[in-house]
Structure formats: structure tokens, C-alpha cells
Amino acid sequence: MRRSSTDESTYHRSPSLDSKDYSLPQGGAFRRYSSLYGGQFGASAGGSFFGFHTNPGPKATKSKYTSPKGNKYVVFYLDLSFIFLLELKRCRMAQSCLQCMKYLMFVFNLLFWLGGCGILGVGIWLAVTQGNFATLSSSFPSLSAANLLIATGTIVMIVGFLGCIGAIKENKYLLLSFFILLLIIFLLELIVVTLFFIYTDKIDRYAQQDLKKGLHLYGTEGNIGLTNAWSIIQTDFRCCGVANYTDWFEVYNTSRVPDSCCLEFSENCGLHSPGTWWKAPCYETVKIWLHENLLAVGIFGLCTALVQILGLTFAMTMYCQMAKTDTYYA
């Protein structure tokens, strides 16, 4: 059957391979791809697509005003990449801060540990050379300056050791032990100071009574520490007795005082008349000295508390940061 010219197909084949007219059909798969990419890949130049000539049609014209669906995935991927980079930068900053805090805490606790070694050494030296140096209480004979220094130095060394190793090794369990131990010490100091200010009058009365009992151990065998402590106090503070020089009369059962109570020291000068003795009571003299140096004592106490608070803060910050890191990588 013969086909009419109006029934001509939309596909036009080139009459020869040398022909340059590679026109494509106005419909079909090529038309769909051409309209989808909206004139890309050479569609803007004469409507060609990979060397084929196309008629874009209404869909291609419309696609000029709409973005391909693939761009949405590209934007989403870029957003994720940007968020990842921000998170990575934040993690690097946190890691740098953690490293800085780690070395600061190590140096801090190293100095703390060295200080504990020094205190312990002084306590051992006093215990070996001076016996129970500065043992003034008869009720608590072991409460001497040497024993106090040994106990304080040992505690400081243990705390500093835990802080040093926990910081440099980034061991959260050692840091937690350091935090708990330092917190207990801080709370005990706070409780002692609070009780001291609440019961100041009762502590004064008890201390004077206990010190008067301790006078009876002066010069006896095995109490060289107490004897040396009273001699040093009465000589340096220019005082005699706890409340008065007459406190020594009960010790010697006569009108006599130790030679350290004399205005001008000489052998057996305590047997002379009271005019040659110091009249000031040692207990009140030492209290006045403490009040005059209250600012220095307060500064020392505040510095001690500040150092302990900084240690607690560094330890807990490092512990929390390492716990977050372990949770993040778990």
C-alpha cells in the first residue's frame, strides 16, 4: 500500500554517512533526555544532544525553570559534609583544650607531690633529731609537730601521685580517685574550721587546761619534745607559763620557773626573784601574735582552698571529657 506524505514518520534518517544533518525525532527516548537536562550537553546550541539534533519541545522549555532532582542530593551531601567539618573542628578544639588541661594538671600535681615530699622529709628529720618536737598536749602525746608533718606530707604525696599519673595516662579511674580523696580532705578542713569558729570559747578553756597538765611533763624522761617546745616558746615570745608564771609553781612545788622564763638567761636563773622573769602569759601572747598575723594566715588558708578547688575542677573536667570521648567512640 502506498503511504501518503502526511503519514510521514517523525524519524528522518540521513541519506548518507557523509551527511551532516543528523536530525533526531521529535519524540521518544532522546526527546525525554533532552527535555530532562534542559539544554545541557550542547542542547543550547541548535538543540543538539550528543551529536543528534533534537526538538526540545514544551517539557524542555519548562525544565529551564526547575532544578534537576539530582541537585537535591548534592546539596544534602554538601550540608552533611559541612556539618561533619564543623564537628571535626569542634572535636579538635576540645582535644587541644584537653591536652592543655592534661599538662597543666600534671605540672600542678607534680609540684603538689614535690611539696609533699619536702613536708614529709622535714617531719622525719624532726622525729629523728628532736623526738616528739612541739608536743604540748598531755592528752594527745602523739599530736606532735613531727607527726603532723609526716601525716600531712604522706597525704599530699598520695594525692599528688594520683593526680600526676591520672593526668599523664588519661586514666579516668585515677582521676576520679584523686577527685574523691581531695574532696574529702577539703570537706574535712571546712568542717574543722567551722567547728573551730563555733566552739571558740570551749576550745580556749580546754586548751588552757590541757596545756597546764602538760607542764608537769616538763623536763621528765622521754618528753624531750615537750621540754624543747616550751623552752622555745617562752624564749621567743618572752612569756612564762600558760596563764601566768605561777603555773610553774605547781610543777616544782616551789617558787621556781624554768630558766627559759628569765629576762637574761643564765644557769639556774629560774630560782631568782620574780623580778627577773617574764610576766606575760604564753597562751594570750601566742593568741595576740596570731591575731596580728591574721591576714597572712587568712591568705595562706585561701590559697590552700583555691589550689584544692582548682585541682577538683581540673580533675572533674578531664574525667567528664574522657567519659564523653569513650561514649562517643563506643
Side-chain angles (χ1 to χ4, degrees), residues 115 118-153 196 200-301:
I119 295 173
L120 180 62
V122 173
I124 293 174
W125 176 78
L126 286 177
V128 171
T129 59
Q130 302 293 327
N132 292 326
F133 181 78
T135 304
L136 301 176
S137 175
S138 61
S139 301
F140 304 98
S142 60
L143 196 64
S144 63
N147 292 339
L148 287 175
L149 289 175
I150 290 173
T152 304
F196 176 80
T200 302
D201 296 335
K202 293 183 179 181
I203 292 174
D204 275 345
R205 289 194 297 268
Y206 178 80
Q208 290 188 47
Q209 294 175 2
D210 191 62
L211 289 173
K212 287 181 180 180
K213 290 179 181 178
L215 292 179
H216 293 273
L217 301 176
Y218 183 87
T220 59
E221 186 178 356
N223 291 288
I224 185 175
L226 184 143
T227 303
N228 291 337
W230 271 113
S231 298
I232 291 172
I233 289 174
Q234 291 181 143
T235 302
D236 291 347
F237 287 94
R238 299 181 178 183
C239 59
C240 189
V242 178
N244 201 341
Y245 65 89
T246 58
D247 295 334
W248 290 108
F249 295 173
E250 299 177 5
V251 177
Y252 292 107
N253 293 322
T254 185
S255 298
R256 180 185 176 181
V257 295
D259 295 342
S260 56
C261 285
C262 298
L263 297 175
E264 294 182 2
F265 180 81
S266 63
E267 190 71 25
N268 295 323
C269 63
L271 296 173
H272 299 165
S273 63
T276 61
W277 304 335
W278 300 112
K279 302 297 190 297
C282 290
Y283 188 82
E284 292 298 327
T285 303
V286 172
K287 281 185 65 176
I288 292 171
W289 179 82
L290 288 175
H291 281 293
E292 290 176 352
N293 296 274
L294 191 62
L295 179 61
V297 175
I299 292 174
F300 175 77

Least distance between heavy atoms, W248 atom then G241 atom: NE1-N, 3.3 Å
Please report the C-alpha distance between N268 and R256 in whole Å, then the side-chain angles of each, then the deciding distance to 0.1 Å, and finally whether the side-chain contact (heavy atoms from CB on, under 4.5 Å) criterion is met. CA-CA 9 Å; N268 295 323; R256 180 185 176 181; 4.2 Å; yes
Euclidean distance, F265 CZ relative to S231 OG, rounded to 0.5 Å: 8.5 Å
Locate the shortest heavy-atom distance separating I119 from L149; write the atom from each residue and the value. CG2-O, 3.2 Å
Looking only at heavy atoms, the pair that brings E250 and H216 closest together is O-CE1, 3.7 Å
Hey, does the side chain of E284 reach the backbone of A243 with a donor-acceptor pair shorter than 3.5 angstrom? no
Starting from the C-alpha separation in whole Å, work towards a yes-or-no answer on side-chain contact (heavy atoms from CB on, under 4.5 Å) for K202 and Y206. CA-CA 6 Å; K202 293 183 179 181; Y206 178 80; over 6 Å; no
Could you grab the distance from atom CG of L271 to atom OG1 of T276, nearest 0.5 Å is fine? 9.5 Å
Please confirm whether the backbone N or O of C262 pairs with a side-chain atom of W278, one donor and one acceptor, at under 3.5 Å? yes
Quick one, D204 with K287, criterion side-chain contact (heavy atoms from CB on, under 4.5 Å). Give me CA distance, side-chain angles, the key distance, then yes/no. CA-CA 10 Å; D204 275 345; K287 281 185 65 176; 3.2 Å; yes
Separation of L217 CG from T227 OG1 (nearest 0.5 Å): 8.5 Å
Whether over 12 other heavy atoms sit under 6.0 Å from F249 CZ: yes
What pair of heavy atoms forms the shortest contact from S260 to T235, and how long is it? CB-OG1, 3.7 Å
Apply side-chain contact (heavy atoms from CB on, under 4.5 Å) to residues Y245 and K279 and explain how you reach the verdict. CA-CA 6 Å; Y245 65 89; K279 302 297 190 297; 3.6 Å; yes
About how many Å separate CG of N244 and NZ of K212, when rounded to the nearest 0.5 Å? 9.0 Å
Between atom CD1 of I150 and atom CG of L120, what is the distance when rounded to the nearest 0.5 Å? 6.5 Å
Minimum-distance pair of heavy atoms, taken over all atoms of D259 and G270: OD1-N, 3.1 Å
Taking the two cysteines C240 and C261, do their sulfur (SG) atoms come closer than 2.5 angstrom to each other? yes
Donor-acceptor pair, D210 side chain versus A207 backbone, under 3.5 Å? no
Kindly compute the distance separating OH (Y252) from OH (Y218), expressed to the nearest 0.5 Å. 5.5 Å
Mind checking whether I233 and Y283 have side chains closer than 4.5 Å, heavy atoms only? no
